[in-house]
Amino acid sequence: MQKVIGSSSVESWPDNLDSEEKLQSMPLALHRRFYADEIRVIAGLEDQALIRALSTVAREDFLGSPPWRYSSGFSLHAGAYRLTSDCRDLYHDVFVSLKSDAILNNGQPSIIARLVQALNLRPGMHVMHVGCGTGYYSAIMAHMVGPSGRVTAVEVDQELAGQAQANLRELPHVTVVHADAANLAPHSLDAVLINAGLTRIPSAWLNSLAQAGVIVAPMLVGVEASSCDAMVFRVERSSQGFKAAPLTMLTIYPAASLQDASMRSALSSACVTRAVLRVQSLKTAMHPAGPGCIAHTAALCLSADPPG
């Protein structure tokens with residue numbers, strides 16, 4: 001008999017194979033297609049280029065040699081991780097350990113895909129990916145912007161940056177930079193994805209953003225300095241200024257050089273009162289705190305007022 005998935009047929013399976021045997025004999029490319037569809041449903045994806053990228057890029061090529069340590073995302077406790085040498089296990093909504101001693105992971109696909117979709121990537125765009133890890137999501141975005149676009153993948157950890165450079169070497173439109181992104185002054189950016197928790201967005205990044213360009217920034221909240229919880233904001237440049245809106249919440253590794261204690265405190269208070277849900281703009285010009293200020297510092301203000 002022949003098994004048909006949607007409109008695409010795959011190789012014939014003998015009738016005497018059970019479900020597990022059929023799964024084992026299924027081409028890995030088909031597992032990637034099912035994975036992309038799983039993430040589409042979980043993350044609410046509508047961007048077809050992103051869905052195609054998820055179904056195309058080989059995740060196992062960015063995770064080192066097996067066995068891999070992975071978890072479902074319900075716990076970061078060491079006991080929640082499982083070991084696998086089966087590539088099929090990577091094509092589910094799980095995160096995979098990159099550095100177990102530092103609790104650094106290849107992010108959970110449904111969460112990161114939701115952030116990538118918010119960038120509105122198109123062919124020809126220039127994207128900066130801060131905290132690229134070993135390069136998997138940089139490769140996803142490179143697939144979306146195409147050879148006419150560019151991805152600048154930045155990683156502060158020397159070992160991970162070296163792995164990313166090796167993993168992305170066959171994509172000439174991707175440049176891996178081993179550096180603290182806080183010290184970079186990029187040029188002509190259409191989008192920035194930040195895979196680290198911060199409470200300070202460098203003015204150089206905002207100034208380099210093109211009209212209608214987007215930054216997706218996880219802003220750390222929580223009064224405890226050890227908290228890794230973040231409210232993610234989508235910031236878009238317009239002719240009137242920077243539009244901003246909360247996108248989602250997640251748990252993320254902090255970027256040590258991109259912190260502002262006063263902004264973290266203000267954001268934490270705004271989350272407790274739910275005032276953070278009223279944010280409409282990000283203001284960079286110095287001004288006194290007013291009724292519209294949700295999280296205000298001298299350098300940056302998340303405001304309930306529209307841009308302008």
Hey, what do you get for [atom1] ([X]) to [atom2] ([Y]), rounding to the nearest 0.5 Å?
| X | Y | atom1 | atom2 | answer |
| --- | --- | --- | --- | --- |
| M128 | L193 | CE | CG | 10.0 Å |
| L119 | R234 | CG | CZ | 8.0 Å |
| T297 | M286 | OG1 | CE | 9.0 Å |
| I215 | L282 | CD1 | CG | 8.0 Å |
| Y70 | Q108 | OH | CD | 13.0 Å |
| M231 | L247 | CE | CG | 9.5 Å |

Can you give each donor-acceptor pair under 3.5 Å made by side-chain atoms of residues 60-67, sequence neighbours left out, with the distance rounded to 0.1 Å?
residue: E60; atom: OE1; partner: Y91; partner atom: OH; Å: 2.4
residue: E60; atom: OE2; partner: R32; partner atom: NH2; Å: 2.7

Search all heavy atoms of [X] against all heavy atoms of [Y] and return the closest pair with its distance.
| X | Y | result |
| --- | --- | --- |
| V94 | S71 | CB-O, 3.2 Å |
| A164 | C132 | CB-SG, 4.1 Å |
| A204 | A185 | CB-CA, 4.1 Å |
| Y253 | L104 | CG-CD2, 3.7 Å |
| A217 | I194 | CB-CD1, 3.8 Å |
| A244 | L302 | CB-CD2, 4.4 Å |

Say whether, by atom type as modelled, one donor and one acceptor occur between the side chain of [X] and the main chain of [Y] under 3.5 angstrom.
| X | Y | result |
| --- | --- | --- |
| Y137 | G107 | yes |
| N167 | G135 | no |
| R114 | I111 | no |
| S265 | A261 | no |
| T199 | D260 | yes |
| R237 | L209 | yes |
| Q211 | S239 | yes |

Would you indicate whether the side-chain heavy atoms of [Y] and [X] approach each other to under 4.5 Å?
| X | Y | answer |
| --- | --- | --- |
| R82 | D89 | no |
| N105 | S97 | yes |
| R59 | P109 | yes |
| Y81 | F95 | yes |
| V130 | W205 | yes |
| V176 | E155 | no |
| M249 | V221 | yes |
| L220 | I252 | yes |

Applying side chain to side chain contact (heavy atoms under 4.5 Å, CB included) to L267 and F233, what does each step give before you reach the verdict?
CA-CA 12 Å; L267 270 173; F233 288 90; 4.0 Å; yes

With side chain to side chain donor-acceptor pair (under 3.5 Å) as the rule and sequence neighbours excluded, what pairs involving residues 170-192 come up?
D180-S257

Excluding sequence neighbours, so at least two apart, what forms side chain to side chain contact (heavy atoms under 4.5 Å, CB included) with D305?
K283, S303

Residue set satisfying side chain to side chain contact (heavy atoms under 4.5 Å, CB included) with T284, at least two apart, ordered chain then number -> L206, F242, L300

Check the pair M263, M219 against side chain to side chain contact (heavy atoms under 4.5 Å, CB included), reporting the backbone distance first and the verdict last.
CA-CA 9 Å; M263 174 57 80; M219 304 283 280; 4.2 Å; yes

Could you list the donor-acceptor pairs under 3.5 angstrom formed between side-chain atoms of residues 39-53 and any protein atom two or more places apart in sequence or on another chain?
residue: R40; atom: NE; partner: D37; partner atom: OD1; Å: 2.7
residue: R40; atom: NH2; partner: D37; partner atom: OD1; Å: 3.0
residue: D47; atom: OD1; partner: A49; partner atom: N; Å: 3.0
residue: D47; atom: OD1; partner: L50; partner atom: N; Å: 3.2

Show me, pair by pair, the donor-acceptor contacts under 3.5 angstrom made by side chains of residues 139-153, not counting sequence neighbours?
residue: S148; atom: OG; partner: G124; partner atom: N; Å: 3.3
residue: R150; atom: NH2; partner: H126; partner atom: ND1; Å: 3.1
residue: T152; atom: OG1; partner: H126; partner atom: NE2; Å: 2.9

C301/H287 under side chain to side chain contact (heavy atoms under 4.5 Å, CB included): CA gap, chis, key distance, verdict:
CA-CA 9 Å; C301 177; H287 63 279; 3.5 Å; yes

Do L171 and V116 share a hydrophobic cluster (ILVMFWY, side-chain heavy atoms under 4.5 Å, transitive)?
yes

